[in-house]
Visitor: 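Starting off with a structure, shown below.
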Amino acid sequence: MEKFYLIVSNVEQLQRLVPEGVKLVQLRIKEQTEGEVRRQVAVARDICAAYGAQLVVNDYWQVALDLGCDFVHLGQEDMDQADFTALRRAGVRFGLSTHDDVELDRALSQDPAYVALGPVYPTLLKKMKWGPQGLDRVTRWKQMAGQTPLVAIGGLTPERLPGVFAAGANSAAVVTDIQQASNPVARTRLWITACAT
C-alpha cells in the first residue's frame, strides 16, 4: 500500500499532480452528469496508466467496470448498491470507508483491499456526523483490521504524518491540505517526500 494517497475532485487536478510522482490517486467527482463522470474517469485512467499510478474511482463502481478500471472506493451507502460479485469477477479491488465499529465489521466482511478511517483530525472539506477519531482510534482500528491496510483520512498535514503512521496507519489520504494550498504542485512534492522518509 502506498503511504501517500492523493484525493482529487476533478481530472484537471489529477492531470497536474500525478506527473509529480504520485503513485496512488483517487478521483472523487461530485455533482456531475454521468457523461462528464465517464469522460473524466476515462482521461484519468489513461493518465495514470502513462505515469504508472494506481487510479481509484470513488463511488462510480459501474463506470469503473465499464471503463476497465481496476480499483474503486466505496462509502457505506455505496456498499448497499455495489455489486461486489461483479467487481470481484472483473478483478476490481475496492477500499471501503468506515467510521465506527459496526461499519468496520461490515467492511472487513467484504475482504477489501483497504479500509479507511476518518476523520482522524477536524476536517474542513465536508460536514460529517462523526467528530475527529483521533490517533488512539487509528491504533485500535489497525489492531482490528489486522493484515488489511488502514488508510487514515481527514485533517492530515505533513506535520501530523509521523503520529499517524506511528499509530498504525499504512497510508495517509490527503484532500484539503493540497486542494487549498497556494501551490498544490509544491505541496504534493512535499507530501511525497514526507511519506518517503
Side-chain angles (χ1 to χ4, degrees), residues 1-9 13-14 16-18 20-28 53-56 58 71-76 79 93-197:
M1 182 91 201
E2 289 289 331
K3 290 178 117 181
F4 174 51
Y5 187 172
L6 175 64
I7 299 180
V8 297
S9 58
Q13 290 174 335
L14 184 144
R16 193 163 61 246
L17 300 177
V18 163
E20 298 304 319
V22 173
K23 292 301 173 193
L24 179 62
V25 59
Q26 182 185 128
L27 182 60
R28 182 195 276 175
Q54 175 64 62
L55 173 65
V56 181
N58 182 270
F71 214 132
V72 298
H73 178 90
L74 301 171
Q76 290 287 314
M79 287 173 65
R93 293 177 293 161
F94 47 87
L96 302 173
S97 290
T98 64
H99 308 89
D100 60 33
D101 289 13
V102 173
E103 290 184 357
L104 179 61
D105 286 344
R106 181 186 186 209
L108 290 173
S109 75
Q110 292 290 349
D111 192 26
Y114 68 79
V115 290
L117 171 67
V120 176
Y121 293 98
T123 180
L124 305 171
L125 198 61
K126 61 180 180 179
K127 295 213 179 303
M128 303 190 98
K129 62 182 180 182
W130 302 274
Q133 304 274 8
L135 294 180
D136 289 346
R137 177 63 75 82
V138 172
T139 300
R140 192 163 72 81
W141 238 235
K142 185 56 192 168
Q143 289 166 349
M144 292 165 71
Q147 294 301 306
T148 303
L150 175 62
V151 174
I153 186 169
L156 302 190
T157 64
E159 296 74 26
R160 290 171 169 166
L161 198 57
V164 170
F165 286 143
N170 301 100
S171 183
V174 186
V175 191
T176 310
D177 190 74
I178 289 174
Q179 285 191 11
Q180 296 188 352
S182 58
N183 186 337
V185 169
R187 197 68 177 172
T188 298
R189 289 179 188 148
L190 189 153
W191 271 99
I192 290 170
T193 302
C195 286
T197 54

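Positions are given from 1 along the sequence.
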Visitor: Are the side chains of Arg187 and Leu190 in contact, using a 4.5 Å heavy-atom criterion?
Guide: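 A side-chain contact exists here, since the closest heavy-atom pair is under 4.5 Å.
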Visitor: Indicate the atoms forming the closest heavy-atom contact of Pro149 with Ala113, along with that distance.
Guide: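 Closest pair (atom of Pro149, atom of Ala113, distance): CD-O, 3.2 Å.
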Visitor: In Å and rounded to the nearest 0.5 Å, what is the NZ to CG distance from Lys142 to Asn170?
Guide: 4.0 Å
Visitor: Just by distance, do the side chain of Ser171 and the backbone of Glu2 share a donor-acceptor pair under 3.5 Å?
Guide: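 Yes, because the side chain of Ser171 sits within donor-acceptor range (under 3.5 Å) of the backbone of Glu2.
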Visitor: Hey, does Met1 have a side-chain heavy atom less than 4.5 Å from the side chain of Leu24?
Guide: yes
Visitor: With the side chain counted from C-beta on, respond yes when Leu17 and Ile178 share a heavy-atom pair under 4.5 Å apart, and no when they do not.
Guide: yes
Visitor: Do the side chain of Ser9 and the main chain of Arg28 share a donor and acceptor less than 3.5 angstrom apart?
Guide: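 Not a single qualifying donor-acceptor pair exists.
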Visitor: How would you list, by chain and number, every residue that makes a side-chain hydrogen bond (donor to acceptor under 3.5 Å, both in side chains) with Arg189, sequence neighbours excluded?
Guide: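 With neighbours one apart ignored, the set is Glu20.
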Visitor: Nearest heavy-atom pair of Ala172 and Trp191: which atoms, and what distance?
Guide: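 So the minimum-distance heavy-atom pair works out to CB-CZ3, 4.4 Å.
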Visitor: CG/Asp100 to CH2/Trp141 distance, rounded to the nearest 0.5 angstrom?
Guide: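 Rounded to the nearest 0.5 Å, the CG-CH2 separation comes out at 6.0 Å.
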Visitor: Report the distance from atom CD of Gln143 to atom OG1 of Thr139, rounding to the nearest 0.5 Å.
Guide: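 Going from the CD atom of Gln143 to the OG1 atom of Thr139 covers 6.5 Å.
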Visitor: Could you report the tightest heavy-atom contact between Ala145 and Val115, atom names first, then the distance?
Guide: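 What the structure gives for the nearest pair is CB-CG2, 4.2 Å.
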Visitor: Considering residues at least two apart in sequence or located in another chain, which fulfil the side-chain contact (heavy atoms from CB on, under 4.5 Å) criterion with Lys3?
Guide: Phe165, Cys195
Visitor: Could you list the residues that satisfy side-chain hydrogen bond (donor to acceptor under 3.5 Å, both in side chains) with Thr157, not counting sequence neighbours?
Guide: Glu159
Visitor: Does any part of the side chain of Phe4, heavy atoms only, come nearer than 4.5 Å to the side chain of Leu161, both counted from C-beta?
Guide: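 With C-beta onward as the side chain, the pair stays apart.
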Visitor: Please list all pairs passing the side chain to side chain donor-acceptor pair (under 3.5 Å) test where one or both residues lie in residues 106-120, with sequence neighbours left out.
Guide: Tyr5-Tyr114, His73-Tyr114, Gln76-Arg106, Asp80-Arg106, Arg88-Gln110
Visitor: Look up atom CG in Leu14 and atom CG in Leu6, then write down how far apart they are to the nearest 0.5 Å.
Guide: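 Rounded to the nearest 0.5 Å, the CG-CG separation comes to 7.5 Å.
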Visitor: May I have the step-by-step check of side chain to side chain contact (heavy atoms under 4.5 Å, CB included) for Asp101 and Arg140, ending in yes or no?
Guide: CA-CA 10 Å; Asp101 289 13; Arg140 192 163 72 81; 3.1 Å; yes
Visitor: Indicate the atoms forming the closest heavy-atom contact of Gly75 with Ser97, along with that distance.
Guide: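 In terms of heavy atoms, the two residues are closest at CA-CB, 4.0 Å.
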Visitor: Are any of the side-chain heavy atoms of Asn58 and Ile7 separated by less than 4.5 Å?
Guide: no
Visitor: Could you tell me the separation between the CZ atom of Arg137 and the NE2 atom of His99, rounded to the nearest 0.5 Å?
Guide: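 If I round to the nearest 0.5 Å, the distance is 10.5 Å.
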Visitor: Contact between Phe71 and Leu55 at the side-chain level, heavy atoms closer than 4.5 Å - yes or no?
Guide: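 No, every pair of side-chain atoms sits at 4.5 Å or beyond.
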Visitor: Let me confirm one number: the CD-OG1 distance from Gln133 to Thr98, rounded to the nearest 0.5 Å.
Guide: 7.5 Å
Visitor: Side chains of Asp177 and Pro158, heavy atoms from C-beta outward: is any pair under 4.5 Å?
Guide: yes
Visitor: Heavy atoms, side chains only, cut-off 4.5 Å: are Ile192 and Lys23 in contact?
Guide: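 Side-chain contact under 4.5 Å: no.
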Visitor: Please enumerate all residues that pass side-chain contact (heavy atoms from CB on, under 4.5 Å) together with Asn183, with sequence neighbours excluded.
Guide: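 Asn183: side-chain contact (heavy atoms from CB on, under 4.5 Å) contacts with Val185, Ala186.
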Visitor: Quick one: side-chain hydrogen bond (donor to acceptor under 3.5 Å, both in side chains) partners of Gln54, sequence neighbours excluded?
Guide: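 With neighbours one apart ignored, the set is Asp70, Arg93.
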Visitor: Looking at Val151 and Ala173, what are the two nearest heavy atoms and their distance?
Guide: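 Heavy-atom minimum between the residues: CG1-CB, 3.7 Å.
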Visitor: Taking all heavy atoms of Pro112 and all of Ala107, pick out the closest pair and write down the distance.
Guide: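 Nearest pair, atom of Pro112 first, then Ala107: CD-O, 3.2 Å.
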